[in-house]
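This report concerns only the one structure given below.
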Protein chains: 2
Amino acid sequence: MNEKIKKYKLLNIKLTPQRLAILDYLEGNRMHPSVEQIYKHVSRRFPSMSYATVYNVVNTLVKHKVVKELSIDPDKKRFDPDMHTHHHMVCIKCKKIMDIDIDYSLHVPEQVLEGFTLMGNHIEFYGICAQCRGKDKD
Amino acid sequence: MNEKIKKYKLLNIKLTPQRLAILDYLEGNRMHPSVEQIYKHVSRRFPSMSYATVYNVVNTLVKHKVVKELSIDPDKKRFDPDMHTHHHMVCIKCKKIMDIDIDYSLHVPEQVLEGFTLMGNHIEFYGICAQCRGKDKD
DNA sequence: ATATTAGATTATAATCATTATAATTATGAA
DNA sequence: TTCATAATTATAATGATTATAATCTAATAT
């Protein structure tokens with residue numbers, strides 16, 4: 001049994017070919033794909049795949065903390081298989097998302113928290129990427 | 001002519017009663033309301049108001065940089081009339097959003113930017129608020 | 001190996017947020 | 001007061017996501 005299967009065995013979910021195909025596509029993927037992008041890619045080799053399956057699978061993976069759901073793009077959810085703490089830089093024109101792998105220490109004083117239990121943070125840097133900057137300004 | 005009307009005159013948009021009612025509701029509002037919440041509040045005094053108007057008005061206000069559109073909540077857009085740079089703390093249970101008014105200096109080295117032109121940043125702290133913590137754990 | 005069953009996939013319908021359309025109405029300038 | 005432009009409204013359309021129910025299959029026990 002290979003390493004990947006071993007790894008996902010730990011989740012105690014059934015390892016269907018659809019799930020493995022989606023996991024394959026996501027593994028190491030730095031594009032922060034949407035459900036549509038996952039569907040379009042995986043359904044090439046898996047023509048019977050339905051959108052519902054992609055939604056089911058990514059929701060399961062999010063629940064099992066194998067992928068992160070990003071709400072950076074206000075129009076659709078995007079997914080990130082990189083579970084270690086990191087941040088993102090978004091191009092406001094083309095919506096491309098790049099990883100920012102810097103450790104910032106973000107302290108919030110007790111009196112600001114008002115009893116809130118902090119679990120993490122995520123920084124969204126925004127601006128315009130080199131490619132979009134190169135095109136006609138508007 | 002009062003101060004508020006003077007202020008919005010500068011936008012060069014027509015000052016309709018609907019817009020003033022929405023602006024009144026948003027001004028100083030720290031709840032980060034959704035379109036639904038804005039509609040429900042404003043339509044109490046304005047029964048003829050339609051959802052389309054709320055969408056039109058908030059989109060106009062976002063375009064004129066009078067309110068900020070937040071994508072913290074993956075299910076719906078939320079709006080913040082506070083335009084000065086600040087951050088947010090979200091309860092993952094009740095989705096309440098609180099302001100974090102701390103100035104963090106977040107530097108990104110040139111070689112990480114890869115030509116990206118930074119325009120700003122926004123930190124999302126997440127965790128569980130005091131009220132939700134108090135309720136039954138799950 | 002086979003049967004069993006809980007869970008997964010699929011097609012499809014339903015829902016919710018949001019945008020588009022077109023007709024009516026109202027603001028603000030002349 | 002008139003008028004052109006822009007805003008509001010009702011409603012249809014779209015797009016993302018979730019729900020439903022029937023079928024199918026992975027994993028376990030026989």
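Throughout, protein chains are lettered first and strands after them, A, B, ... in sequence-line order, and every chain is numbered starting at 1. Computed from heavy atoms alone, side chains included, the values below leave out hydrogens, waters and symmetry copies.
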Legend entry - Distance-only donor-acceptor check, side chains A/His122 and A/His87, under 3.5 Å: no
Legend entry - Gap between atoms CG and C1', on A/Leu61 and C/dT9 respectively (whole Å): 15 Å
Inset, instruction - For the residue pair B/Tyr55 and B/Tyr51, categorise the inter-ring angle as parallel (less than 30°), tilted (30 to 60°) or perpendicular (more than 60°). - result: tilted
Inset, instruction - In whole angstrom, give the distance that lies between atom NZ of B/Lys77 and atom C1' of C/dT19. - result: 9 Å
Inset, instruction - Can you sort out which residues in residues 69-76 of chain A have a heavy atom within less than 4.0 Å of DNA chain D? Ascending by number, please. - result: A/Asp75, A/Lys76
Legend entry - Within residues 40-50 of chain B: residues closer than 4.0 Å to DNA chain D (heavy atoms): B/Ser48, B/Met49, B/Ser50
Inset, instruction - Verify whether one side chain among B/His32 and B/Asp73 offers a donor that lies under 3.5 Å from an acceptor in the other. - result: no
Inset, instruction - May I ask you to test the B/Lys68-B/Phe79 pair for a side-chain heavy-atom distance under 4.5 Å? - result: no
Legend entry - Atom-pair distance (CG on A/Asn56; P on D/dA21), nearest Å: 15 Å
Legend entry - Donor-acceptor pair between A/Asp101 and A/His84 side chains, under 3.5 angstrom: yes
Inset, instruction - Mind calculating the distance between OH (A/Tyr51) and P (D/dT18) to the nearest angstrom? - result: 14 Å
Inset, instruction - Using a strict cut-off of less than 4.0 Å between a Lys/Arg side-chain nitrogen and an Asp/Glu carboxylate oxygen, indicate whether A/Asp99 and A/Arg30 qualify as a salt bridge. - result: yes
Inset, instruction - Check the angle between the aromatic planes of A/Phe125 and A/Tyr104 and answer parallel, tilted or perpendicular using the 30° and 60° thresholds. - result: tilted
Legend entry - Between P of D/dA13 and OH of B/Tyr55, the distance in whole Å: 18 Å
Legend entry - A/Tyr126 versus B/Asn121, closest heavy-atom pair with distance: CE2-N, 3.5 Å
Inset, instruction - Could you identify which residues of residues 11-23 of chain A place a heavy atom less than 4.0 Å from some atom of DNA chain C, listed by residue number, or say none? - result: A/Lys14, A/Thr16, A/Gln18, A/Arg19
Inset, instruction - Kindly compute the distance separating SG (B/Cys132) from NZ (B/Lys95), expressed to the nearest 0.5 Å. - result: 10.5 Å
Legend entry - Atom pair CG (A/Leu11) and CG (A/Leu23), whose distance is rounded to the nearest 0.5 Å: 8.0 Å
Inset, instruction - Using a heavy-atom cut-off of under 4.0 Å over every strand shown, decide if A/Asn59 touches base, sugar-phosphate, or nothing. - result: sugar-phosphate
Inset, instruction - Rounded off to whole Å, could you give me the NZ-to-P distance for the B/Lys63 and D/dA7 pair? - result: 10 Å
Inset, instruction - Decide whether B/His86 and B/Asp80 meet the rule of one side-chain donor and one side-chain acceptor closer than 3.5 Å. - result: yes
Legend entry - Spacing of A/Lys95 atom NZ relative to D/dA16 atom P, expressed in whole Å: 12 Å
